[in-house]
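What follows is a set of notes on a single structure, which appears directly below.
Quick note: residue numbers are just sequence positions, from 1.
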Amino acid sequence: MKIFSNTSQQLLEQSLNAASLRQKTISQNIANVDTPNYKAKKTVFKHQLNRAIDDQRLTAYRTDSRHIPFGGTQSISPSVVVDRTKTMFNHNGNNVDIEHEMSEMAKNQIYYNAMIERLNGRFNSLKTVIGGGK
């Protein structure tokens with residue numbers, strides 16, 4: 001039995017890693033708010049998490065190695081940082097909106113705290129089981 005390497009544990013770890021990367025990206029955007037020609041970046045993760053969860057729902061048993069695999073145990077690819085387009089540029093070519101960045105930072109902090117709570121809940125459950133329910 002895999003206690004620490006099961007799928008939900010891995011998803012929680014990947015979620016925390018993505019939230020950490022998103023925090024770095026937002027901090028970098030805020031730090032470069034006055035840098036001429038700086039293009040704001042964003043971390044793309046949620047669609048990858050949703051895809052990974054969907055892949056797990058579509059697991060199939062292959063009777064031959066030549067069959068096309070789908071779903072199952074694919075690892076979650078890391079988060080991706082991309083330039084944010086379709087935003088308004090300032091007179092210096094910079095497209096960082098400080099209010100947007102601050103709201104994204106607050107949302108990311110809430111998301112991170114929720115993932116930490118889930119992880120703590122899992123560890124508390126393990127602690128209870130190991131302690132025999134005491």
TODO: For the pair Leu119 and Met115, evaluate side chain to side chain contact (heavy atoms under 4.5 Å, CB included) and give the outcome as yes or no after the intermediate values.
DONE: CA-CA 6 Å; Leu119 200 56; Met115 292 297 109; over 6 Å; no
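Clustering of Ile, Leu, Val, Met, Phe, Trp and Tyr side chains at separations under 4.5 Å places Ile98 together with Ile26, Ile30, Val33, Tyr38, Val96, Met102, Met105.
Residues forming a side chain to side chain donor-acceptor pair (under 3.5 Å) with Glu13 (at least two apart in sequence, or on another chain): none. Residues passing the side chain to side chain donor-acceptor pair (under 3.5 Å) test with Asn94: none are found, sequence neighbours excluded. For the salt bridge (charged side-chain N to carboxylate O under 4.0 Å, His left out) test, residues two or more places apart in sequence or in another chain that qualify with Lys107 are Glu104.
Hydrophobic clustering keeps Ile110 apart from Leu12 (ILVMFWY residues linked when any side-chain heavy atoms are closer than 4.5 Å, directly or through intermediates).
Taken from CD in Gln23 to OH in Tyr111, the straight-line distance is 13.0 Å, to the nearest 0.5 Å. Separation of atoms CG (Leu21) and OG1 (Thr25) is listed at 4.5 Å; rounding is to 0.5 Å. Residue Asn108 holds its CG atom at 11.0 Å from OG of Ser103, rounded to the nearest 0.5 Å.
The list of salt bridge (Lys or Arg N to Asp or Glu O under 4.0 Å) pairs with a residue in residues 31-42, not counting sequence neighbours, reads Lys41-Asp83. Evaluation of the salt bridge (Lys or Arg N to Asp or Glu O under 4.0 Å) test over residues 114-133, restricted to residues two or more places apart or in two chains, returns none.
Judged by distance alone, the side chain of Ser20 and the main-chain N or O of Leu16 form no donor-acceptor pair under 3.5 Å.
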